[in-house]
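Step one of this worksheet: look at the structure below.
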Amino acid sequence: NAGVTQTPKFRILKIGQSMTLQCTQDMNHNYMYWYRQDPGMGLKLIYYSVGAGITDKGEVPNGYNVSRSTTEDFPLRLELAAPSQTSVYFCASSLQRDQQGDQPQHFGDGTRLSIL
Amino acid sequence: AQKVTQAQTEISVVEKEDVTLDCVYETRDTTYYLFWYKQPPSGELVFLIRRNSFDEQNEISGRYSWNFQKSTSSFNFTITASQVVDSAVYFCAGTSYGKLTFGQGTILTVHP
């Protein structure tokens, strides 16, 4: 029962470095999401995807890029890391909207990223 | 734009007390879906419940119950006879067309 798997769990970056946060799900969900959670706050949507080859911006997309080449994988890339990107990043997936409406999202365990 | 307001930032109770977490969801959409998630100290997010805007029936699952009132856009969560294991951050969230908007969370601490 892997569900949504995120790697790495922790990472420290220097300002200006780049990295990719990996996310994969084995539930055959069409929809995938990236969120960030700053201390004491709720989650904010960075990017989302409704299927392979389709991505769209969320509430806070600046400084990030995504791609969705397969149903299973949805990596998040930081090109030029900045201290403001220090956060916990969560990947999530869900079934597509159906007659019952929006489906619950299933979350990975998060990646704690510090940029110094 | 949607907005989720959780009235309590922190709540502290003693074991076996009942506790209610308040949530108000503001949206112009007539159809929407509301969720509660639990984030224990280990950090993962656990889905608890989904409710659509058509259904105002209360729901009970064990010690958990939820009350949705569309007229006030409130979706409150009650834990009966709280336990130490209930200590967590609880998030209320709402969606329109799949995009979740989260509240800032309520930190619940249950003392033995």
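These numbers come from the heavy atoms of this one structure, side chains and all, not from hydrogens, waters or symmetry mates. Proteins come first, then strands; the chains are lettered A, B, ... in the order of their sequence lines, and each starts at number 1.
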Using the six-membered ring wherever Trp is involved, compare the ring planes of A:Tyr35 and A:Phe107 and label them parallel, tilted or perpendicular (cut-offs 30° and 60°). tilted
How are the rings of B:Tyr32 and B:Tyr25 set relative to one another: parallel (under 30°), tilted (30 to 60°) or perpendicular (over 60°)? tilted
Kindly give the heavy-atom pair with the smallest separation between A:Gln22 and A:Thr20, and that separation in Å.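 In this case the closest contact between A:Gln22 and A:Thr20 is NE2-CG2, 3.5 Å.
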Taking all non-hydrogen atoms of both residues, which atom of A:Gln85 and which atom of A:Leu113 are closest, and how far apart? O-CD2, 4.2 Å
Under 4.5 Å from a heavy atom of chain B, the part of A:Tyr48 involved: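 For A:Tyr48, the contact with chain B is made by the side chain alone.
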Heavy-atom distances under 4.5 Å only: say whether A:Glu59 touches chain B with side chain, backbone, both or neither.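 For A:Glu59, neither part sits under 4.5 Å from chain B.
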Do NZ/NE/NH1/NH2 and the carboxylate oxygens of B:Arg50 and A:Asp102 come within less than 4.0 Å?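 Here B:Arg50 does not pair with A:Asp102 in a salt bridge, since their nearest N and O are not under 4.0 Å apart.
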Where does [X] contact chain A at under 4.5 Å (heavy atoms): side chain, backbone, both or neither?
X	value
B:Ile49	neither
B:Tyr37	side chain
B:Gln6	neither

If you tally heavy-atom pairs under 4.5 Å against chain B, which of A:Lys44, A:Gln96, A:Gln103 wins? A:Gln103
So which residue, A:Leu43, A:Asp109, A:Val50, ends up with the most heavy-atom pairs under 4.5 Å with chain B? A:Leu43
B:Phe77 and B:Tyr90 aromatic centres sub-6.0 Å: yes
